[in-house]
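Structure first, commentary second.
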Amino acid sequence: MAQQSGDRLISATRSVLTHIHQVLDLQFAFELWDGSLIPADAAPDGLRLGLSQTALTRLLRRPRIKTVIDLYSTGEIDPRGGSLFDFAEKRPRVKSRDLRKRLKKSVLLKNVWPILLGNRSSGARAQEGGLDAGRVADRSSGSRKDDIAFHYDVSNDFYELFLDPRMVYTCAYFRDWSNDLATAQTDKLEMICRKLRLKPGDRLLDIGCGWGALICYAAENYGVTALGVTLAEEQLKLAEERIAERGLQDRVSVELVDYRDLKAQSFDKISSIGMFEAVGLDNYDNYFQSVHRLLKPRGLYLHHAITRRGRKDLKKFRRKKPEYQALVRYIFPGGEVDHIGWTLTNLEAHGFEVHDVEAWREHYARTTRLWAENLKQVREAAIADIGEQKYRLWLAYLTGVSLGFERGSINIFQTVSSRRTKGLSGLPPTREDLYRD
């Protein structure tokens with residue numbers, strides 16, 4: 001009986017997947033749990049998607065992106081013969097509603113029950129991914145420490161596997177698309193310092209300082225005194241080590257503190273590089289008020305943050321698509337992003353004068369692609385550090401984000417503003433100096 005059920009299951013699975021493959025004219029094959037390929041004449045070592053015995057059942061029962069991510073993280077859906085980027089390049093260009101019209105319901109109805117019942121009778125049960133932060137997925141976190149820890153306190157060793165030597169975990173700046181990651185990240189730090197017009201004696205605050213790359217670079221190359229703040233204990237430890245290695249303890253420091261709790265301090269320049277996404281849409285007033293309070297009059301503030309495309313209706317903008325929900329559920333709990341118009345409105349409404357806005361979308365597409373490629377190259381070391389499920393989630397996350405930037409569904413901007421006062425801004429008449437060799 002079990003043999004008959006198994007035969008019916010694989011026969012039904014082949015029928016459904018063969019039909020789907022033909023309708024979509026897929027450029028990759030399916031590889032079933034018994035080793036057979038669909039189509040049967042596909043190259044055994046070509047681009048193919050491996051499926052476990054229960055994968056299709058789970059997708060039929062719960063056809064949503066969370067199911068796909070759970071299946072991928074546990075290896076029940078397994079891309080083979082190429083990278084996730086290769087599969088994305090070969091993806092079908094068919095919209096969901098068009099696909100539903102083209103699929104033959106007779107084929108699906110004839111085979112759906114053998115697939116569902118066959119796995120049920122074999123005792124197969126759906127597994128839970130178990131790695132997400134689902135309880136906080138829909139919350140506007142306001143940079144909660146437990147949310148930050150979920151993402152950053154994996155281990156410093158893990159991040160060292162795929163980042164550049166300075167460990168800059170934000171968008172790089174490619175003066176040439178062929179530049180390597182280390183060069184591009186150094187050029188990014190240099191560009192930030194130029195945009196902030198740093199000079200000896202300036203006091204710089206870096207909100208969400210990571211492992212201290214910017215504050216160390218600014219002190220060494222521009223003679224500033226710098227403070228970095230973070231909520232990630234692992235980042236703090238390594239940042240302090242790197243500051244000591246460079247002998248910068250008298251000019252550079254890092255504190256494990258929320259930026260909102262900084263009291264009675266005043267800075268000439270403030271940078272926020274890739275942390276604003278953790279603030280939460282409902283906490284923007286508090287954020288910009290805090291930056292304004294900490295910045296001296298006419299001091300410069302550089303705001304570097306990911307955005308989404310704006311909508312006419314803010315209520316519609318706040319709705320989170322399944323892909324967006326998956327990102328904050330598995331990787332960035334509490335994370336939210338605004339649109340560039342909202343950013344500029346908030347800056348002006350909270351006492352800042354906006355001077356420059358620069359889009360870096362294609363730079364981040366390139367950055368995250370290189371991170372994903374680096375991580376894939378060190379697969380064994382990464383798995384030894386964080387386990388295979390988390391490794392798969394991170395690889396999918398970096399690939400997905402890169403594709404999002406390539407396609408323009410997400411964006412990123414660097415915005416320079418100053419704390420508004422009456423009179424002239426003090427900035428030079430052009431920005432030629434920013435792009436000099």
Side-chain angles (χ1 to χ4, degrees), residues 73 84 131-133 143 145-173 180-186 188-189 192 206-217 228-246 252 254 256 271-278 304-306 327-328 330-335 363-402 405 412:
S73 72
L84 293 175
L131 294 176
D132 63 85
S143 304
K145 190 175 185 299
D146 56 347
D147 290 344
I148 301 301
F150 184 89
H151 185 83
Y152 289 103
D153 286 347
V154 180
S155 81
N156 290 329
D157 291 339
F158 171 68
Y159 286 99
E160 284 181 314
L161 290 173
F162 66 91
L163 298 182
D164 66 294
R166 295 180 186 271
M167 289 185 70
V168 184
Y169 186 43
T170 49
C171 178
Y173 179 67
D180 61 25
L181 193 57
T183 300
Q185 290 293 16
T186 300
K188 188 270 290 291
L189 298 178
I192 290 172
D206 188 22
I207 303 175
C209 66
W211 292 276
L214 175 59
I215 52 180
C216 288
Y217 185 91
V229 296
T230 180
L231 294 178
E233 294 184 12
E234 288 295 312
Q235 287 188 335
L236 175 73
K237 294 174 185 176
L238 184 56
E240 290 180 333
E241 290 176 9
R242 293 194 163 195
I243 291 168
E245 288 172 358
R246 290 165 171 74
V252 180
V254 180
L256 190 70
S271 57
S272 174
I273 316 297
M275 69 76 55
F276 187 67
E277 297 84 350
H304 171 120
I306 297 171
L327 176 64
V328 299
Y330 287 90
I331 302 293
F332 275 113
H363 293 270
Y364 219 173
R366 180 66 177 157
T367 303
T368 45
R369 178 179 281 267
L370 291 176
W371 287 342
E373 292 174 352
N374 287 348
L375 187 59
K376 191 173 186 294
Q377 290 175 1
V378 294
R379 179 180 184 276
E380 297 304 322
I383 290 174
D385 192 337
I386 64 174
E388 186 165 2
Q389 275 189 270
K390 280 191 175 181
Y391 165 76
R392 283 174 168 267
L393 285 174
W394 272 89
L395 188 61
Y397 151 64
L398 292 174
T399 303
V401 170
S402 180
F405 281 111
I412 184 168

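Being a predicted model, the structure only gives us computed values, none of them experimental.
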Spatial distance of atom [atom1] ([X]) from atom [atom2] ([Y]) [nearest 0.5 Å]:
| X | Y | atom1 | atom2 | answer |
| --- | --- | --- | --- | --- |
| Asp385 | Asn156 | CG | CG | 10.0 Å |
| Glu234 | Trp211 | CD | CH2 | 9.5 Å |
| Ser272 | Ile207 | OG | CD1 | 5.5 Å |
| Leu395 | Ser73 | CG | OG | 12.5 Å |
| Asp164 | Leu370 | CG | CG | 10.5 Å |
| Lys376 | Leu84 | NZ | CG | 8.0 Å |

Tyr364 side chain reached by Val401 side chain, heavy atoms, under 4.5 Å: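 Val401 does not reach Tyr364 side chain to side chain.
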Examine distances only and state if a side-chain atom of [X] and a backbone atom of [Y] form a donor-acceptor pair shorter than 3.5 Å.
| X | Y | result |
| --- | --- | --- |
| Asn374 | Phe162 | yes |
| Gln185 | Thr170 | yes |
| Thr230 | Ala232 | yes |

Heavy-atom pair with the smallest gap, counting every atom of [X] and [Y]:
| X | Y | result |
| --- | --- | --- |
| Ala382 | Leu375 | CB-CD1, 3.9 Å |
| Ala184 | Ala172 | CB-CB, 3.6 Å |
| Leu163 | Val168 | CD2-O, 4.1 Å |
| Val254 | Ala239 | CG2-CB, 3.9 Å |
| Thr368 | Leu398 | CB-O, 3.9 Å |

Answer yes or no: is there an ion pair linking Glu388 with Arg392, defined by an N-O contact shorter than 4.0 Å? yes
Are Tyr391 and Trp394 an aromatic pair by the rule of ring centers under 6.0 Å?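 No, the ring of Tyr391 stays outside the 6.0 Å limit from the ring of Trp394, centre to centre.
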Between Trp371 and Tyr159, ring centroids under 6.0 Å: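 No, they do not, as the ring centres are separated by 6.0 Å or more.
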Are side-chain N/O atoms of Thr367 and Lys188 paired as donor and acceptor at under 3.5 Å?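 Thr367 vs Lys188: no donor-acceptor pair found between side chains.
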Side chain to side chain contact (heavy atoms under 4.5 Å, CB included) between Leu393 and Gln389: does it pass, once the steps are laid out? CA-CA 6 Å; Leu393 285 174; Gln389 275 189 270; 5.5 Å; no
Walk me through it: do Cys216 and Ile243 pass the test side chain to side chain contact (heavy atoms under 4.5 Å, CB included)? CA-CA 7 Å; Cys216 288; Ile243 291 168; 3.8 Å; yes
Where do Arg166 and Tyr217 land on the side chain to side chain contact (heavy atoms under 4.5 Å, CB included) test, with the steps shown first? CA-CA 10 Å; Arg166 295 180 186 271; Tyr217 185 91; 3.8 Å; yes
